[in-house]
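Hydrogens, waters and symmetry mates play no part in the numbers below; they use all other heavy atoms, side chains included.
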Amino acid sequence: MTQDLALISVDIDPEVIFSNGGLTDILRKIEQEAKREVPDTSTPKGRKAIASLAYKVAQSKTVIDSLGKKLVEDEKARISKIDAERKIARDFLDQLKVEIRQPLTDWEVEEEKRLVAERIMAEIDAVWELAISENILFDRERELRKKELEALARERELRKKELEALAREQAEREKTAQEQREKLIREEAEERAKAVAAQELERKIKEAEAIARKEAEAIAAEAQRQKDLVEARAKDAQHRKEVDEEILKALVDGGVKSPTAKKILDMILSGIVPHVKITY
């Protein structure tokens, strides 16, 4: 019986074994070597040869399994490295996207402030022009309305400044968040081989993004509240105008001349007439 069964070399490239049918060829060759002669159990030499062949087959199994295991470990390490690089690419490109879009974001904030200011001004102008065109208010009433409109204008200017302050605060928070994200990306690049550190970095980035989204939503909600307030005041002015018109009409219909009716209304509004008050 042969004593020189061909064993796989530990120096062989694992890729040769585990690709393109290489393993099948090697196993077939080992089988052919092991079964080349009929085993002889009648002599001590023959029995020793059988044991030696079986041992060599077992050695071949160990070598092939070790090479396969090393190939799997190398592949896992390669995949882990690729995943770490993918993570770096995702974080970098996400940050780059924010940076590239920042001019548009800034423009959108300024455009929203401009549109809000224009709507408020248009509503104020409409109320004022309507009051003048119909000429239903006396000088005192017009002066009162003018003061109210001036107060609205001051409030609009105050709101504008508040929005600008909010925008500056948002920009500062974005800058701070940007610096934090850049710092985290650098740290993750240095420690990308550590899976735990990579997971912690991703969690912190998501928390920062969630905070930024909540702050943006709060700004939008406040802008809507201011819009609703202006609309409510415009409706109140219109309602007062309609009530004054109904009073004048009732007085005229009751026989009071129009100038006198207007004088009476003016006296009531001025508080000259005791015990009389208009409920709007």
For [X], all residues meeting side chain to side chain donor-acceptor pair (under 3.5 Å), sequence neighbours excluded:
| X | answer |
| --- | --- |
| R225 | E222 |
| R213 | none |
| T260 | none |
| E112 | none |

Consider only side-chain heavy atoms of I, L, V, M, F, W and Y, link residues closer than 4.5 Å, and tell whether [X] and [Y] are in one cluster.
| X | Y | result |
| --- | --- | --- |
| I272 | V256 | yes |
| I26 | L71 | yes |
| L269 | V243 | yes |
| M121 | L229 | no |
| V109 | V116 | no |

So, are [X] and [Y] salt-bridged, with charged N and O less than 4.0 Å apart?
| X | Y | answer |
| --- | --- | --- |
| D266 | K262 | no |
| R168 | E172 | no |
| E33 | R36 | yes |
| D236 | R240 | yes |
| K35 | E31 | yes |
| D25 | R28 | yes |
| E73 | K76 | no |

[X]: which residues meet the salt bridge (charged side-chain N to carboxylate O under 4.0 Å, His left out) condition with it, sequence neighbours left out?
| X | value |
| --- | --- |
| D74 | K70 |
| R90 | none |
| E207 | R203 |
| E246 | none |

* Asked: Using a side-chain heavy atom cutoff under 4.5 Å and only I, L, V, M, F, W and Y, what cluster partners does W107 have?
  ->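 ILVMFWY cluster around W107 also holds L104.
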So, using side-chain contact (heavy atoms from CB on, under 4.5 Å) as the criterion, who are the partners of [X] when residues are at least two apart?
| X | result |
| --- | --- |
| T62 | S66 |
| I82 | R78, R86 |
| I268 | I264, V273, V276, I278 |

* Asked: Do V98 and D94 touch side chain to side chain, with heavy atoms closer than 4.5 Å?
  ->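 A side-chain contact under 4.5 Å is absent here.
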* Asked: Where do R119 and E231 land on the salt bridge (charged side-chain N to carboxylate O under 4.0 Å, His left out) test, with the steps shown first?
  -> CA-CA 10 Å; R119 286 196 297 270; E231 292 176 351; over 6 Å; no
Let me confirm one number: the [atom1]-[atom2] distance from [X] to [Y], rounded to the nearest 0.5 Å.
| X | Y | atom1 | atom2 | result |
| --- | --- | --- | --- | --- |
| K97 | L93 | NZ | CG | 10.0 Å |
| L115 | K227 | CG | NZ | 10.5 Å |
| K29 | S60 | NZ | OG | 11.0 Å |

* To do: Verify the neighbour count for atom CZ of F18: are there more than 12 heavy atoms of other residues, nucleotides or ligands below 6.0 Å?
  =>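 Atom CZ in F18 is packed in, count exceeds 12.
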* Closest approach of A261 and V252, non-hydrogen atoms and distance? -> CB-CG2, 4.1 Å
* With salt bridge (charged side-chain N to carboxylate O under 4.0 Å, His left out) as the test, would you mind laying out the steps for E245 and K249 before giving the verdict? => CA-CA 6 Å; E245 289 178 346; K249 184 176 183 304; over 6 Å; no
